[in-house]
Structures are given as C-alpha cells and as structure tokens.
Amino acid sequence: MTVDIAQKLGQAAGLHFTRGEHRHSVLLGKDTRLSGYMIESALVAGFLSAGMDVTLVGPLPTPAIAMLTRSLRADLGVMISASHNPFGDNGIKLFGPDGFKLSDQNEIDIENLMMADLTGRLATPREIGRASRLNDAAGRYVESAKASFPRKLRLDGMKIVIDCANGSAYRVAPTALWELGAEVIRIGCTPDGVNINEKCGSTHPEALCQAVVQHGAHLGIALDGDADRVLIADETGRLIDGDQILALIAQSWAREGRLVGQSVVATVMSNMGLERFLNTLDVGLERTAVGDRYVVERMRELGSNVGGEQSGHMVLTDFATTGDGLIAALQILAVLVEDGRPASEVCRLFKPFPQKLKNVRFSGTCPLDADVVQARQKDVEKMLAGRGRLVLRKSGTEPLVRVMAEAEDAALVDDVVNQMCAALEAVNVPA
C-alpha cells in the first residue's frame, strides 16, 4: 500500500461515487498504525481532487465508520486498516452509503478507474472538495454501541478486562463498558503506532486470559486492530471462540423471538458441533466461503440477522452492517447479567468436533487442480462420508492451500489432513 495507490484510489472512488448534483462527501477513519497518517493524507488529496468533501474522524473501529457513513448520509465510507495484521501492513476498506462493504462489481469498477487516464475528469479549481473533522464521532459510536445493550440491564458489579489490541477501539470500547456500569481493566490500550496487534488482541489472547485470572474478572474481551472481531475469555481464563459466541447469541435471540428466519450464517470453517447444536434449537446453519463479506452477502439474501466466523467476526444486522466486536461482546454480557451464572457455565453450549487445520505452501500454479490431489480428495471424502468434513481452499493473500478436516474421531481427522497435505506437497506444477 503506497501513497500513489492511495491517492489514485481516492480519485477513482470519488469519481465512481459522484452521482447527482448534491455536494458529495466521504467519511474517512483509520486505526492506530503509523502509516495511517501517510495514507490518510494521500486519500484526502485524492478525494478532494475528485471534488468530494472529506470528513475526518481519526482512529475509530471499522464498524463505527460503517455506522457513521450511513448516519451522516455520506456517499462513501473509508477505513484505513489492515485489521489483525502487523503494524507494517495497511489496507483500505470501502463502504457504500448504506454502510455495507462494496460489491465485487463496484470494486472492479474502481480498480478500472485507477488504471485509467483521469485527465479532464477531476475537479476544477472551484470544484475542489473541502476537508473537515468530526469532533464527536467517538461519542456517537459509543452511544450507538450502548443502544444495542438492553435498557433494563446494567453492568454494575461486573469486572471486565478489555484488550483493544492497541488498535482503533482503545478509547471507545472501555468507555462504553464503563458507562454501562462495569469495572474496566484495560490492556492493549496504549497505541504508539507500531504496537497494534503485537502480542495482544484477539490474535494473541494469552495476555487477556492471564489478566482475567490475575484480576479475578468475570469476563475478558479481546478485539483486533480494527475491532470488527472479538474473542471472549471466561472467568477461568479459558478462551471462547466465535462458534460458541454464535451459538449463545442464536440461542438467546431464538428464545426471545428475535432470530429472523430461524437461521444463522457462518462459513465453511465453523465447527460441526455448532451445526448440531443449532439443530437442537430448530435453527438452520447456512455456510459460505471464508470471509465476513460473504457472510454478510448471504445474510442479506436470506434476510438473516445473525452471522459470523469462528475467528470472531460477528455480524448482527439489527445493530450493525459489518462485524462489530464490541456490540457482539455486549450481547454476551447481556446474557450473563440475566442468567447470573459464570461465563464458564453459560458460554460453552456444545462440544466441538476435533478439527485440524494445516497450511501447505506452494510455488507456481496452485496444486488443487492436479489430478492426484483431486483423486486423493475423493478418497478422503469417502472416508469422512457421514462422519465429518473436509475443506480445501487457497489463501486469498498468500501462496498457501489451507487443509481443514473435522470429525468425531480425532485419529481420523489427523489421518485425513496428513493424507491431503502429502498429496499437495508431492505436486510441483511449474508456473
């Protein structure tokens, strides 16, 4: 991600979303990475040169940008973040005026504009956009998040550890919890530009688990760098993954009659134990490809209001248009307050099937299409028939094939994964 790319993206996205005669605007937020300042400036220059006004909100969670884009009737929302990646990486997420991530077609159209000659299409000197700062953006998001928590409940008497991964939620998440009545212990809330996701947050939850036990807390909450995913630690310091969080929210909402369509949307990586548990509630599980955008797309097709990923992306469309770690955590806390039992008893609703994931690195052409690999895949799927699942997928960011299998028999899972990895490693297809 370079300054040149960011400026071109600003110009292209600005032109693409200039529709009609009104004054067009874009909302621009970021996480706490050092490079965010540089990319922000480049994007601002690009948008202004396309004739768009820019509203800057500073470090805020990705879901806050989605919410504010819709709330402020902006034509476009932009989040500068590489999510759970190390500080040296960065990226740009785009949201339409409805607060949802852009479709593939919109992204392709913007990419085509980035490669085109825009001479003569940019703003004249009189049409150049103006930049301003929205000073109460953080407060607006805090109030929006708090509104997702039942009005009849409070967090008084609860001690909560919050790990914000030294990322974008370092101010707003602890504030929301404190204002709802909790005693808040903060870790991962001192960003310095380079420590985002460094040995903290949902990708490194060890510090959270230790802090929960050390402080005798009722619960621990771990967000990632842009706060669109969450993991939970119970009072014993044991981690609770996204599948268990999905199960708890689905059960709670189904009992209250709030679960739309009696279905939950998850990805192919979600555990079969989740699927079996939901079946006991007469709730269906719809699976998608890996990625929260695919979860959201399927939710919109079905009209579902609960979806997520095992990794911790929780999409609750009653309150948000994208994954929101803080809002998901508040739903868990609401269940705990009403139930009265500790998290270790409330938050584990099913026993996961043994599941194993291994990565196989390749050079040249992806080996998934090789005859020997496909033949071995058919053999393995026969072994798992009625007993488990096999998922093979190419990474979207690295030259890796991800091999995942699950079944009630752990030995069978190991055997299946090892067979598939051996078949993949034996293939060497030149580029």
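Along the sequence shown, residues carry numbers from 1.
- Considering only residues two or more places apart in sequence or on other chains, Thr119 meets the side-chain hydrogen bond (donor to acceptor under 3.5 Å, both in side chains) condition with Asp117.
- The existence of a salt bridge linking Arg293 and Glu107 is confirmed by a sub-4.0 Å separation between a basic side-chain nitrogen and an acidic carboxylate oxygen.
- Ser41 places a side-chain N or O within donor-acceptor distance of the main-chain N or O of Tyr37, the cut-off being under 3.5 Å.
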Distance-only donor-acceptor hits, side chain of residues 172-180, under 3.5 Å, sequence neighbours excluded:
residue : atom : partner : partner atom : Å
Thr175  : OG1  : Arg171  : O            : 2.7
Glu179  : OE1  : Lys146  : NZ           : 2.8

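- Every residue two or more places apart in sequence or in another chain was checked for a side-chain hydrogen bond (donor to acceptor under 3.5 Å, both in side chains) with Asp379, and none qualifies.
- Residue-environment remark: CZ (Arg238) stays at or below the threshold of 12 foreign heavy atoms within 6.0 Å.
- Take His204 and apply the side-chain hydrogen bond (donor to acceptor under 3.5 Å, both in side chains) test, not counting sequence neighbours, and it matches no residue.
- Identified under the salt bridge (Lys or Arg N to Asp or Glu O under 4.0 Å) test for residues 53-63, with sequence neighbours left out: Arg23-Asp53.
- Not counting sequence neighbours, the partners of Lys93 by the salt bridge (charged side-chain N to carboxylate O under 4.0 Å, His left out) test are Asp226, Asp228.
- Glu406 and Asn271 share a side-chain donor-acceptor pair at under 3.5 Å.
- Listed by first then second residue, pairs satisfying salt bridge (Lys or Arg N to Asp or Glu O under 4.0 Å) with a partner in residues 35-45 read Lys30-Glu40, not counting sequence neighbours.
- Residues Ser49 and Gln11 have side chains that bring a donor and an acceptor to within less than 3.5 angstrom of each other.
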Inset, instruction - With salt bridge (Lys or Arg N to Asp or Glu O under 4.0 Å) as the test, would you mind laying out the steps for Lys378 and Glu381 before giving the verdict? - result: CA-CA 5 Å; Lys378 289 179 181 178; Glu381 287 174 343; over 6 Å; no

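- Of the candidates Leu27, Leu28, Thr69, Thr55 forms a side-chain contact (heavy atoms from CB on, under 4.5 Å) with just one, namely Leu27.
- In this structure, Arg19 forms a cation-pi arrangement with Phe17, its terminal cationic atom sitting closer than 6.0 Å to the ring centre and no more than 45° off the ring axis.
- Residues passing the side-chain hydrogen bond (donor to acceptor under 3.5 Å, both in side chains) test with Glu21, sequence neighbours excluded: none.
- The ring-ring contact (aromatic ring centres under 6.0 Å, His included) search around His24 returns His22, not counting sequence neighbours.
- For Thr203 and Asn197, the side-chain atoms include no donor-acceptor pair closer than 3.5 Å.
- With hydrogens and angles left out, the side-chain atoms of Gln105 and Asp109 include a donor and acceptor closer than 3.5 Å.
- Judged as a salt bridge (Lys or Arg N to Asp or Glu O under 4.0 Å), not a single pair has a partner in residues 183-196 (not counting sequence neighbours).
- Among pairs with a residue in residues 71-113, none fulfils ring-ring contact (aromatic ring centres under 6.0 Å, His included), at least two apart in sequence or across chains.
- A side-chain donor-acceptor contact under 3.5 Å links Thr18 to the backbone of Gly14.
- Asp371 CG: 12 or fewer foreign heavy atoms inside a 6.0 Å radius.
- Residue pairs meeting the salt bridge (Lys or Arg N to Asp or Glu O under 4.0 Å) criterion with at least one member in residues 392-402, sequence neighbours excluded, are Arg361-Glu398, Glu398-Arg402.
- No more than 12 heavy atoms of other residues, nucleotides or ligands shown are found within 6.0 angstrom of CZ on Arg121.
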